[in-house]
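Structure record follows, encoded as structure tokens.
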There are 2 protein chains.
Amino acid sequence: MLTAELGVTRATAGAVAAELAALGLITVDSRPAAAGHQGRPSHGLSVNPAGPVVLAAQVHADGFRAALVGLGGRIVATAPGCGTVPADPAHVLAAVVEEGAKLLRATGRRCVGAGLAVPSAVAEPDGEALNPLHLAWPAGAPVRRIFRDCLTDSGIDFAVPPRAFTGNDVNLAALAEHRHGAGRGSAHLLCVATGHRGVGGALVLDGRLHTGSAGLALEVGHLTVNPDEGLPCHCGSRGCLDVETDPLALLTAAGRAPGPEVSLLQQARDLVRDEYADPAVATAVALVADRLGLGLAGLVNILNPDRIILGGLHQVLLAAAPERLRAVVADRSLWGRSGGVPVLECTLDHNSLVGAAELAWQPVLDDPLGVLEP
Amino acid sequence: MLTAELGVTRATAGAVAAELAALGLITVDSRPAAAGHQGRPSHGLSVNPAGPVVLAAQVHADGFRAALVGLGGRIVATAPGCGTVPADPAHVLAAVVEEGAKLLRATGRRCVGAGLAVPSAVAEPDGEALNPLHLAWPAGAPVRRIFRDCLTDSGIDFAVPPRAFTGNDVNLAALAEHRHGAGRGSAHLLCVATGHRGVGGALVLDGRLHTGSAGLALEVGHLTVNPDEGLPCHCGSRGCLDVETDPLALLTAAGRAPGPEVSLLQQARDLVRDEYADPAVATAVALVADRLGLGLAGLVNILNPDRIILGGLHQVLLAAAPERLRAVVADRSLWGRSGGVPVLECTLDHNSLVGAAELAWQPVLDDPLGVLEP
DNA sequence: CGTATTTTGTTTAGCGTCGGCACAAAGACA
DNA sequence: TGTCTTTGTGCCGACGCTAAACAAAATACG
């Protein structure tokens, strides 16, 4: 077991592994993992493919999604959910939990917790959704508490009590990418992404999400990135990152009228994918990428991350114009020139969902015996 | 001993106190501290007034300063130092250390470490001064190593080896204010200050300085706060916080030509103190305060601090126009309206110096027995 | 003024965690 | 086949802390 390289002796590593195996979380392979070099080979440790799961869910402007996620961020089963979101959070979350319960019945897996990603800043202690601007929810709705009540009423057989967690979607995406995706190994990870609407940011410091003193940190949407001729923003200013780099901004810059059929994000994605040869589209991408680069440079000056990962439309922009975007970030950040910050794309599918699952897994990882008794 | 309220039992608190007293760091008063209420009174614990000290120093554009600082941030002795700073860091630091050695000889105190504050971002591992723009030093000079070498050569009798620490002046000011000043008790403290030149920021998270992945965080000087008619900045942009809210900006806005006799900061201070009744001065203060408020609001949206403290000229602006500045911060930050962030003045004299001392005290606090044997 | 009560300091015993060590096991190499 | 190298596992002891019991020093009350 190479685990001795985690600053822990073989003795303790073995004890921990035995404990986790006894709880059914991991399996110890009889077949050694890596052979080839001298000495007794290490045991291979792998996540128990029949082990417990958590219920992960995401609500966004265009619908919701539920899934079962195993230890290590592997999605075991998914239910797409419906495409509209009622204005009453309790109704939505009841439907979400119902989908999850169906998945649990279908798979027969044991559920040890639940996590929910929402497109809003989230505050403790009740997981209040502070600004669900893109849902029709009331501001301040205690989403975590509602979610927990839905879980309690669902009849799902939890390891008591039902542990429910809630977080902002971009924050959770960053957490997932840090553990299993493009952010692995980063100590100061900055994630910026367009969700289905608007722009969000997240910061993972030493493996832990930085959400600020009240869960309101990294509201990066209102950095000024186009002071000269910026569009007005609902915040009262103009030229904000939010309105200058979202899907609508790209469509407008390319001279396209948005259609009502699919989400704006999808329309913008399709535009870049299918019509990048069109000079108007390429120009629009360059323009919006420049604005994004300016915003990222400002964040670099304030936060000094060691890596930036981009999601949503921002990821598309990076893929379409990587040199240009990276050059702007380097030129406009004071320290980009000396070394510079890697700017990467997100690599996980459904990273908000996986992040919500990580939230739910956390207490199990912190204290396995406290959560799983039998 | 009320120390039992730190999540530790009376037994351990007593053991720790006894250890610290044995090392000469604190004294246990025979006279009880607080009487009046029932029960056996607690022992009063106070910093040993004859205990060891650290050597703290600050270099800035207009000179340097050395001091001896006891445990708890009390300045024991100060030497003003000279008013000019040579271009060679080794010369400056040799002079600084010489002043410190004089103080040590004069007071007969034991020295257990040394800390230095410089007006530049500082990187590990050698304490490189990355951008000593306002000193004539070469960028990247390994200040911490030079400082340590000067200490070694000084003949000062250290607890071996001479432990030298270096940090950015505003960062260290924030650290000092967090421990002994206006930032006490804050978990997410943001500090913004004009040094003798330019604008700096610092963030103290859960009691620890956040300096970013390479010591470059909180370079807040280049937030855009005057997009419409801003002054050009050496960073290539215009309307930056750095050029819009520094002492020169205030003097210019008030229509005064800066004189060469005293520092710009002092001239700006004097202007506000002596001529605030002049409508031109009051208008200039309001204008610069608005710009500062806009910058602070941007930082609030990104960092979500639970408290902001201001130093240097910014502190003067807050004192002169508190309602106006606080209103701008609240109005322009997305969450200021609901609750809002307290904006306060720094309260410590020589806070950078005290912060440098805190840096030097840290290893003693972490492991008293490891540093102080006899 | 003497006793009871309250609060804190101090000592002791106990527990849990972790590192170090010794020994066993399992493959590689000669 | 025998030795070497590396890892798993069990045992012991050091360390840090908590809890509990006792002593001490003040206030409150009769």
Side-chain angles (χ1 to χ4, degrees), chain A residues 1-49 51 71-72 159 206-208 361-374, chain B residues 1-49 51 71-72 159 206-208 361-374:
Chain A
M1 189 187 310
L2 310 179
T3 327
E5 297 163 9
L6 274 79
V8 72
T9 60
R10 294 200 306 271
T12 15
V16 171
E19 176 189 322
L20 295 178
L23 292 170
L25 292 174
I26 64 173
T27 55
V28 179
D29 307 356
S30 53
R31 215 76 311 265
H37 48 291
Q38 217 166 339
R40 175 175 172 171
S42 302
H43 285 173
L45 299 181
S46 34
V47 174
N48 183 358
L71 194 57
D206 296 323
R208 296 201 329 238
W361 273 115
Q362 197 58 53
V364 181
L365 299 175
D366 288 343
D367 180 20
L369 280 176
V371 179
L372 302 168
E373 258 307 330
Chain B
M1 190 185 309
L2 308 180
T3 328
E5 295 163 10
L6 272 77
V8 73
T9 60
R10 296 201 303 272
T12 21
V16 170
E19 177 188 321
L20 294 178
L23 292 170
L25 292 174
I26 65 173
T27 55
V28 179
D29 306 357
S30 52
R31 217 65 324 252
H37 48 292
Q38 215 166 336
R40 172 173 174 173
S42 301
H43 285 175
L45 299 180
S46 34
V47 174
N48 183 359
L71 195 55
D206 296 322
R208 297 201 325 240
W361 273 114
Q362 197 57 54
V364 180
L365 299 175
D366 289 342
D367 180 19
L369 280 174
V371 179
L372 302 168
E373 260 307 329

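Throughout, protein chains are lettered first and strands after them, A, B, ... in sequence-line order, and every chain is numbered starting at 1. As the structure is a computational prediction, the values presented were derived from the model and not from experiment.
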Margin query: Once rounded to the nearest 0.5 Å, what's the spacing between atom NE2 of B:His37 and atom OG of B:Ser42?
Written below: 6.5 Å

Margin query: Rounding to an integer number of Å, can you tell me how far B:Gln38 CD sits from D:dA28 C1'?
Written below: 6 Å

Note to self: I want to confirm an ordering. Mapping A:Gly39 and A:Ala15 to their closest nucleotides on DNA chain D, which one lands closer to the 5' end?
What the structure shows: A:Gly39

Next item on the list: Rounded off to whole Å, could you give me the CG-to-P distance for the B:Asp367 and D:dC15 pair?
Entry: 14 Å

Margin query: Within this structure, what is the CG-CG distance for the pair B:Leu45 and B:Asp29, rounded to the nearest 0.5 Å?
Written below: 7.0 Å

Margin query: My understanding is that only residues two or more places apart in sequence, or in another chain, count here; which of them pass side chain to side chain donor-acceptor pair (under 3.5 Å) with A:Thr12?
Written below: A:Thr9

Notebook entry, point to check: With no hydrogens and no angle check, is any side-chain donor or acceptor of A:Asn48 less than 3.5 Å from a backbone partner on A:Leu25?
Noted result: no

Next item on the list: Summarise how protein sits on nucleotides 14-23 of chain C as a single string, 5' to 3': B when a protein heavy atom is under 4.0 Å from the base, S for sugar-phosphate-only contact, - for no contact.
Entry: -----SB-B-

Check: In whole Å, what is the span from the NE2 atom of A:His43 to the C1' atom of D:dT9?
Finding: 10 Å

Item checked: Value in whole Å for how far the P atom of C:dT10 lies from CD of B:Glu19 -> 15 Å

Next item on the list: Could you note down all residue pairs passing side-chain hydrogen bond (donor to acceptor under 3.5 Å, both in side chains) where residues 17-27 of chain B supplies at least one of them, sequence neighbours left out?
Entry: B:Thr27-B:Ser46

Next item on the list: Determine the sole option in B:Leu365, B:Val364, B:Leu20 for which the side-chain contact (heavy atoms from CB on, under 4.5 Å) test with B:Leu71 is passed.
Entry: B:Leu365

Margin query: Of the listed nucleotides (D:dT7, C:dG27, D:dA25), which one gets closest to any side-chain atom of B:Arg40?
Written below: D:dA25

